[in-house]
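The next block holds one structure in the form of structure tokens; read it before the comments.
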Amino acid sequence: MTTSHTAPVIRPAVRVKPGIAQIAADLFPAVLAGLIAVLISYAGPMLLMLQAAQAAHLTAGQTSSWIWAVSIGSGLSGAWMSWRYKIPVICAWNTPGAALLVTALATLPYSQAIAAYLFAAAIIFIIGATGIFEKLMAHIPKSLCAAMLAGILMRFGVDVFASARSEAHGAPYLVGLMFIAYLLYKKRSARYAIVLTLLTGVLLWGLLGWGDAANTATNTATNTATNTATNTAANAAAITWQAGLTLPVWTTPEFSVSALISLGLPLALLCLTGQQVPGVAVLRAAGYEHAPNSKLVSATGLASLLLAPFGAHGVNLAAITAAICTGPEAHQQPEKRWVAGLSCGVFYLLIGSFAGSLTTLFLHLPHALVTTVAGLALLGAIQNGLVNAMQETSEREAALITFIVTASNISLLGLGSACWGIALGVLSYYLLRVKATSHAGK
């Protein structure tokens, strides 16, 4: 008589799915990184657009439409590409181009400027769609991209402490306490250090008025000069205030050869050298080496082309704000940082839809507060850029040249320091490599 033994039944382990609260807590730093990126975009470069709008004597509707166009273009492009490619694609408007428009719009009819916008956008789209941009980036070593990134961001790290010298009421105390708070928060929880620092700064500003330029006590002569500059920005911000959704305003382009050459070509060149190349460098420095760069560039060019008649002077890949969303501060796992790009795009869409009201609120935050948060949020990106720039022994000198030239903030022949930094770095890299190869042959 045989005894049958029943084999034990091994049940597969039940995988517990994370709840909504767990998912939200996990992705919260990425969402916050997107918000901070948008905050920095509106609190800084936006002033250049408002100054240019004043110089061109644009109506309140045209100015709001301009802000609406670049916000919607940046939001749609960044959100869609982040979701599509699952990488943190951060888009923004052409900041060097906005600086150019402060003087250019004062001498050109607005309809001719719109035609120049279309021309510049078409150039960017073609360069991206044909794959020329991808081939260009393939010849730039990763170490030089990292060095250029560190050079671009260096001044933001320096500005954290330079803003403590501001004459705004309580600015040194605001910056000092935010810095100490950041260190304490970072020690306890690196993921939430930036958001807690931001909240601390807002709390100090709200309760004590620290960083508020309105409370600055200076002599009469200084007040006169300061108030003139402040009133210019304030008046520019005031014309964008309106309730409800922003209505875009169409401007029919008037094509002029002189406008296309004098404004269209420089806009395209500034966009490529000052925004698109650094934007790709940020992605490469963060480890996203296989990003479809040409597709990213052509998509931003297409967005600029479609929105140019509404005032968009250029939508492109971001560099400075992108560094906030591509580093470990956004999320420890690189494959989840695309949520920061999606978040940034959504916030752009929200603010762009209410460009007349929410934009003004962003512009009222104290300069010292925004500068400190931006600099502290970029410390990790600066550190990674310097480390990656110096990894390859044979490329260190070229990377160092790239870093120094980019950080110098020079402007020559209409080209910014980022362009000159990468150009001289690449030149140094290939010349030094030829020299090293010849010595090795002997």
Side-chain angles (χ1 to χ4, degrees), residues 94-96 99 124 127-128 131-159 265-266 268-291 293-294 296-297 316-320 322-323 326-327 378-442:
N94 187 352
T95 301
I124 300 299
I127 288 176
I132 296 176
F133 187 83
E134 193 83 50
K135 294 176 182 177
L136 173 67
M137 292 302 298
H139 293 285
I140 302 177
K142 181 183 176 182
S143 62
L144 301 193
C145 291
M148 181 176 68
L149 170 64
I152 292 173
L153 302 181
M154 178 58 69
R155 68 182 179 89
F156 290 88
V158 173
D159 283 349
L265 285 177
L269 186 61
L270 287 171
C271 179
L272 282 171
T273 60
Q275 296 283 171
Q276 304 286 29
V277 172
V280 171
V282 170
L283 288 173
R284 292 181 66 179
Y288 301 98
E289 300 176 18
H290 302 293
N293 298 324
S294 289
L296 302 184
V297 171
N316 42 246
L317 298 178
I320 297 165
T326 55
L378 291 169
L379 285 180
I382 297 172
Q383 176 181 282
N384 291 337
L386 290 173
V387 170
N388 292 331
M390 297 298 154
Q391 273 188 343
E392 293 293 333
T393 306
S394 61
E395 301 173 3
R396 282 179 183 171
E397 191 167 356
L400 180 61
I401 292 171
T402 302
F403 169 74
I404 292 174
V405 175
T406 304
S408 69
N409 205 28
I410 63 168
S411 180
L412 187 63
L413 301 178
L415 300 178
S417 60
C419 177
W420 286 112
I422 199 69
L424 295 179
V426 170
L427 177 65
S428 304
Y429 169 75
Y430 282 105
L431 287 179
L432 292 173
R433 191 174 70 163
V434 170
K435 182 179 178 181
T437 304
S438 62
H439 281 298
K442 294 178 182 179

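All figures in this text were calculated on a predicted structure; none of them were measured in a lab.
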Where is the tightest heavy-atom contact between [X] and [Y], given as atom of each residue plus distance?
| X | Y | answer |
| --- | --- | --- |
| Glu289 | Arg284 | CG-O, 4.1 Å |
| Ser294 | Gly131 | OG-CA, 3.6 Å |
| Leu432 | Ala398 | CD1-N, 4.5 Å |
| Thr326 | Val282 | OG1-CG1, 3.6 Å |
| Ala146 | Ala389 | CB-N, 3.8 Å |
| Val405 | Trp420 | CG1-C, 3.8 Å |

About how many Å separate [atom2] of [Y] and [atom1] of [X], when rounded to the nearest 0.5 Å?
| X | Y | atom1 | atom2 | value |
| --- | --- | --- | --- | --- |
| Leu424 | Ile404 | CG | CD1 | 11.5 Å |
| Asn316 | Ile124 | CG | CD1 | 8.0 Å |
| Gln391 | Ser143 | CD | OG | 9.0 Å |
| Leu317 | Leu272 | CG | CG | 10.5 Å |
| Tyr429 | Ile401 | OH | CD1 | 13.5 Å |
| Glu395 | Asn388 | CD | CG | 11.5 Å |

**OP:** Output, in order, the C-alpha distance, side-chain angles, deciding distance and verdict of side chain to side chain contact (heavy atoms under 4.5 Å, CB included) for Leu386 and Phe403.
**Re:** CA-CA 9 Å; Leu386 290 173; Phe403 169 74; 3.9 Å; yes

Subject >> Residues Leu400, Met390; criterion side chain to side chain contact (heavy atoms under 4.5 Å, CB included); working and verdict >> reply: CA-CA 8 Å; Leu400 180 61; Met390 297 298 154; 4.0 Å; yes

Subject >> Heavy-atom side-chain proximity of Ile422 to Thr406 below 4.5 angstrom >> reply: no

